[in-house]
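Given the structure is predicted, the values throughout are model-derived calculations rather than measurements.
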Amino acid sequence: MIKSVNRTTLNVAALLLALILVYTGLMAKDRITWLMEVVPVMIVVPLLLATWRRYPLTALLYGLIFFHAIILMVGGMYTYAKVPIGFDVQQLFGLSRNPYDKLGHFFQGLVPALAAREILLRGRYVRGGKMLDFIVCCIALAISATYELVEWWAALSMGQGADEFLGTQGDPWDTQSDMFCALLGSLTTVLVLGRWHKRLLPS
């Protein structure tokens with residue numbers, strides 16, 4: 001039997017995310033940017049609530065989705081280039097830019113890779129091993145690339161108004177480094193979380 005969370009825990013987590021969503025929306029520096037950043041949260045959380053009974057996920061995946069949602073909402077509230085904790089990290093390590101958006105892209109690789117791994121194993125589409133690792137990394141990179149295409153579309157349609165959403169901070173290699181962070185996230189799923197995740201799934 002899959003080691004998931006009970007309905008009460010899921011409801012409490014969803015309520016906390018809803019409260020954070022409202023707060024970040026009210027405090028957002030730029031409402032359009034905030035909305036564009038939190039749309040995935042608005043879609044995924046109701047979907048998880050609706051599918052919990054017939055297709056519960058592992059507790060590990062629910063937990064990481066929870067933290068990823070918070071990262072997205074905080075990034076939307078301040079805009080990624082201006083998140084205060086990012087400035088602290090920038091100063092601590094002597095970086096040239098606020099790195100908070102890289103945390104978001106790391107989770108953009110880690111969480112989809114874990115979700116893909118769970119679906120592929122539970123559906124017995126792939127038995128496991130190196131091919132499974134390769135496929136989940138490819139799926140995570142495909143999702144990351146799709147998000148970069150969305151950013152490109154935003155830049156074309158909104159012009160200078162998309163600067164806060166893009167958060168490139170003048171970095172000409174922002175797209176490539178975003179995808180690299182997503183790759184690191186997916187590799188973390190494969191190399192660090194893989195065994196833990198396997199223990200949560202039915203044998």
- Query: Taking ILVMFWY side chains as joined if any heavy atoms are under 4.5 angstrom apart, and letting links pass through other members, which residues group with Val89?
  - Reply: Leu92, Phe93, Leu95

- Note on the structure: Val45 meets the side-chain contact (heavy atoms from CB on, under 4.5 Å) criterion, sequence neighbours left out, with Ala14, Leu17, Val41, Leu49

- Query: Arg31 side chain to Gly25 main-chain N or O, any donor-acceptor pair under 3.5 Å?
  - Reply: yes

- Item | Which residues share a side-chain contact (heavy atoms from CB on, under 4.5 Å) with Leu200, sequence neighbours left out | Lys3, Thr58, Leu60, Trp196

- Message: What I'd like to find out is whether the side chain of Ile71 reaches to under 4.5 Å of the side chain of Tyr100, using heavy atoms alone.
- Response: yes

- Out of curiosity, Gln108 CD to Leu110 CG, how far, rounded to the nearest 0.5 Å? 11.5 Å

- Query: Does any pair with a residue in residues 21-68 pass ring-ring contact (aromatic ring centres under 6.0 Å, His included), and if so which ones, sequence neighbours excluded?
  - Reply: His68-Phe107

- Side chains of Met42 and Leu35 in contact at under 4.5 Å (non-hydrogen atoms): yes

- Task: Looking only at non-hydrogen atoms, find the nearest pair between Ala140 and Ala113 and report the distance.
- Result: CB-CB, 4.1 Å

- Message: For Asn6, give me all partners under side chain to side chain donor-acceptor pair (under 3.5 Å), at least two apart in sequence or on another chain.
- Response: Thr9

- Going from CG on Asp133 to CZ on Arg117, what distance comes out if it is rounded to the nearest 0.5 angstrom? 6.5 Å

- Non-neighbouring partners of Arg122 that pass salt bridge (charged side-chain N to carboxylate O under 4.0 Å, His left out), sequence neighbours left out: Glu118

- Task: Give a yes or no on whether Met131 atom CE has more than 12 heavy-atom contacts from other residues, nucleotides or ligands under 6.0 Å away.
- Result: no

- Query: How far apart are the C-alpha atoms of Leu201 and Ile2, what are their side-chain angles, what is the distance that settles it, and do they pass the side-chain contact (heavy atoms from CB on, under 4.5 Å) test?
  - Reply: CA-CA 5 Å; Leu201 295 170; Ile2 191 169; 4.3 Å; yes

- When hydrophobic residues are tied together by side-chain contacts of less than 4.5 Å, even through go-betweens, does Leu15 share a cluster with Ile43? no

- Item | Selection residues 10-22 - residue pairs positive for side-chain hydrogen bond (donor to acceptor under 3.5 Å, both in side chains), sequence neighbours left out | Arg7-Asn11

- Query: Does some side-chain heavy atom of Leu64 sit less than 4.5 Å from a side-chain heavy atom of Leu193?
  - Reply: yes

- Task: Could you check if a side-chain atom of Lys82 sits within less than 4.5 angstrom of a side-chain atom of Asn98, using non-hydrogen atoms only?
- Result: no

- Item | Separation between OG of Ser144 and CD1 of Ile139, rounded to the nearest 0.5 Å | 13.5 Å

- Query: In Å and rounded to the nearest 0.5 Å, what is the CG to CZ distance from Leu187 to Phe106?
  - Reply: 9.0 Å

- Item | Fellow cluster residues of Met179, listed by chain then number, with links counted only when side-chain atoms sit under 4.5 Å apart | none

- With the 4.5 Å side-chain cut-off for hydrophobic clustering, are Met27 and Leu21 part of the same group? yes

- Note on the structure: Distance col, row Ser186:OG vs Ile143:CD1, nearest 0.5 angstrom, shows 10.5 Å

- Message: Test of understanding: clusters of I, L, V, M, F, W, Y form through side-chain heavy atoms closer than 4.5 Å, transitively. Do Leu47 and Val5 belong to the same one?
- Response: no

- Can you tell which of Leu26, Thr24, Ile20 makes a side-chain contact (heavy atoms from CB on, under 4.5 Å) with Val22? Leu26

- Backbone of Leu184 reached by a side-chain donor or acceptor of Thr188 within 3.5 Å: yes

- Task: Starting at OH of Tyr80, measure out to CD of Glu37 and round the result to the nearest 0.5 Å.
- Result: 4.5 Å

- Heavy-atom closest contact (Val83 atom, Gly75 atom, distance): CG2-CA, 4.1 Å

- Message: Using a strict threshold of under 4.0 Å (side-chain N to carboxylate O), is an ion pair present between Lys102 and Asp174?
- Response: yes

- Task: Using side-chain contact (heavy atoms from CB on, under 4.5 Å) as the criterion, list what pairs up with Ile65, not counting sequence neighbours.
- Result: Val44, Leu48, Leu57, Leu61, Val111

